[in-house]
Amino acid sequence: MTAALSAHELIARHRSTLDQALEAIRTRAYWSPHPEHPKAYGENGSLDAAAGKAAFDALLGTRLDLGQPGTDDWVGGETSPYGIDLGVTYPHADLDVLLPAMKAGQRAWRDAGAEQRAVVCVEILKRISDRTHEFAHAVMHTSGQAFMMAFQAGGPHAQDRGLEAVAYAYVEQVRTPDNAEWTKPQGKRDPLAMTKQFTPVPRGIGLVIGCNTFPTWNGYPGLFASLATGNAVLVKPHPRAVLPLALTVQVAREVLAETGFDPNLVALAAERPGEGIAKTLALRPEIRIIDYTGSTAFGDWLEANARQAQVYTEKAGVNTVVVHSTPDYKGMLSNLAFSLSLYSGQMCTTPQNLLVPREGIATDQGPKSYDEVVADLARAVDGLLGDDARANALLGAIVNPDVKARLEAAAGLGEVALASREITNPDFPGAVVRTPVIVKLDGAKPDAEAAYMSECFGPVSFAVAVDSAADAAELLRRTVREKGAMTVGAYTTDPEVEQAVQEVCLEEAAQLSLNLTGGVYVNQTAAFSDFHGSGGNPAASAALCDGAFVANRFRVVEVRREA
């Protein structure tokens, strides 16, 4: 295969970006090569807002032919949470044809080495970045995210996570040198001398099982971690969110072909309605790595049954915030209101349980009772979402009927402190938009435990009355240990309470945010600096991203020769 882009050209073009990413994961300081502002696009080959929207519109009702081998049908059926039928169809694969074709390109990809693989991945990400406006509409109309969130989370933030995975993959692969000269003295005899060659060898084909809510943000880490470590990657999108990942596969295949590699190193596995091919794929012997985001039930099934594969899961958890005391009551309420409202709570990091001492909390505005705290938080959410235009921009749309059903059922679980209301989106009358519900529960009552100890994914939160800060810490510990948590938050001015909560999070491996009152929120994490999940509690078996997330996607194979 003739390369239009040589390794030398790619290294010259992207090595500095890779080096900056390596420095960022070392220092954990802020850095991103992908602009967050929509107006930053439109030059140097990138699509501006109008061109990106036009590119997305041009996709609607079309067949996205990726040129994959083994295509035996065309499938589709995505309907936007905003009420639009996308009408895009995708190749359906005969796995007995596609999987061998994917394996065929791995030898050349393996032999290219860590640096060349890394810069090819950076080129893929750069081309995706140039089409961020187009991808933003694709993410918006498959996930239900509001446009600005789809632009940032589905665009630059997802691209950052992909690049972060490439950086970690590169670090782990070059930890061992390519070659070594080994000499062992033997006293009066001649020394023993060996030459040793060390090669990072891929496990096989990686399977990325995409999610409905964050198809690119959650999909890119596994995709690029596997690809950068020499593996072919098969992308199985969620059937309601195919388009963003199909476009990703399209770009990856184009870059691989242009750089002289087999485009079948990256392929798409779209499915017919109701086909449910994830289980079939997960048990194929060719699949040696699985990255999955979604329900606990299927994540547990993968971990128990896909024994031939290294499985990385991000499942469900019960995220908790301990509210003990604060020096900035207004800031705390504002921060929590935003965290509960963003994307209608449809994030794996959104707080669910707010643990508030029943005797109340100390604040800069004087003591506040449990009832006052909950009522004031309800007013803060109401105030934030009181203007329908702003509410639509924050809430997006309910992604599927199951979320709507959970939201409606939550009102029957306890005393409603904040009722959910329906909002009309004038641009998309078919969108289902609802404000959050806050329900008061008594943590001491056994019948309430069934509610707050289960994940209720969506715009639902429980204000749980607890006896004391120590009681809150103990309930936090039990929740994380039994149910898992992607995030934990705490508000306190007491060093002993802070230490107690911190100790729980360290022992139970949960990521903790303390006293957030400004523009950083518990449900948001920054690539290159924050770890998303820990891999140490039931919510996830991996962290995005760390060395453990990439190191077991390859093995180092040694060839020894006498010198």
Side-chain angles (χ1 to χ4, degrees), residues 35-42 46-62 76-88 131-158 212-217 238 240-247 337-338 340-347 350 381-405 407-408 419-437 458-459:
E36 283 187 313
H37 200 285
K39 291 182 179 179
Y41 297 82
S46 63
L47 300 181
D48 63 12
K53 177 63 163 59
F56 169 75
D57 288 342
L59 291 167
L60 301 180
T62 65
E78 290 159 293
T79 298
S80 166
Y82 290 95
I84 299 169
D85 286 331
L86 301 190
V88 184
R131 296 168 61 178
T132 291
H133 274 282
E134 178 186 359
F135 273 75
H137 288 285
V139 171
M140 173 183 175
H141 285 290
T142 51
S143 71
Q145 295 175 32
F147 176 77
M148 196 61 194
M149 183 174 184
F151 182 91
Q152 292 187 340
H157 297 170
N212 195 173
T213 49
F214 288 88
T216 55
W217 199 99
H238 191 284
R240 287 193 291 260
V242 182
L243 185 56
L245 290 177
L247 292 175
F338 187 92
L340 298 180
S341 303
L342 185 62
Y343 185 32
S344 300
Q346 298 170 126
M347 304 171 69
T350 300
V381 174
D382 251 350
L384 178 67
L385 304 177
D387 176 77
D388 282 3
R390 181 167 60 179
N392 276 306
L394 280 175
L395 295 170
I398 299 297
V399 71
N400 64 53
D402 291 341
V403 175
K404 181 172 178 284
L407 170 62
E408 292 170 346
S420 176
R421 68 184 179 90
E422 184 176 351
I423 293 178
T424 299
N425 187 320
D427 296 323
F428 301 101
V432 177
V433 186
R434 299 288 189 275
T435 62
V437 63

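All of these numbers come straight from a predicted model, not from anything done at the bench.
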Could you tell me whether a side-chain N or O of [X] sits under 3.5 Å from a main-chain N or O of [Y], the two making a donor and an acceptor?
X	Y	value
Ser341	Phe338	no
Gln346	Val399	yes
Thr435	Ser420	no
Tyr82	Gln145	yes
His133	Ala50	no
Thr216	Gly154	yes
Asp388	Asn425	no
Arg390	Leu384	yes
Asp387	Ala389	yes

With side chains defined as the heavy atoms from C-beta onward, is the minimum distance between [X] and [Y] less than 4.5 Å?
X	Y	value
Glu422	Arg434	yes
Thr132	Ser46	no
Asp427	Asn392	no

Determine the interplanar angle of the Phe56 and His137 rings, folded into 0 to 90°, and report it as parallel if under 30°, tilted if 30 to 60°, perpendicular if over 60°.
parallel

Tyr343 vs Phe214 aromatic rings, parallel, tilted or perpendicular, using cut-offs 30° and 60°?
perpendicular

Looking at every non-hydrogen atom in both residues, tell me the closest pair between [X] and [Y] and how far apart they are.
X	Y	answer
Phe147	Ala136	CE1-CB, 3.7 Å
Ile423	Ala391	CD1-CB, 3.4 Å
Pro81	Ser143	CG-C, 3.9 Å
Ala51	Asp48	N-OD1, 2.9 Å
Ala431	Ala397	CB-CB, 4.2 Å

Roughly how far apart are Leu385 CG and Leu395 CG, rounded to 0.5 Å?
5.0 Å

Rounded to the nearest 0.5 angstrom, the OG1-CG distance for Thr79 and Asp85 is 4.0 Å

May I ask you to check whether Phe428 and His141 place their ring centers less than 6.0 Å from one another?
yes

Give me the one residue out of Val403, Leu340, Leu342 that meets side chain to side chain contact (heavy atoms under 4.5 Å, CB included) with Pro459.
Val403

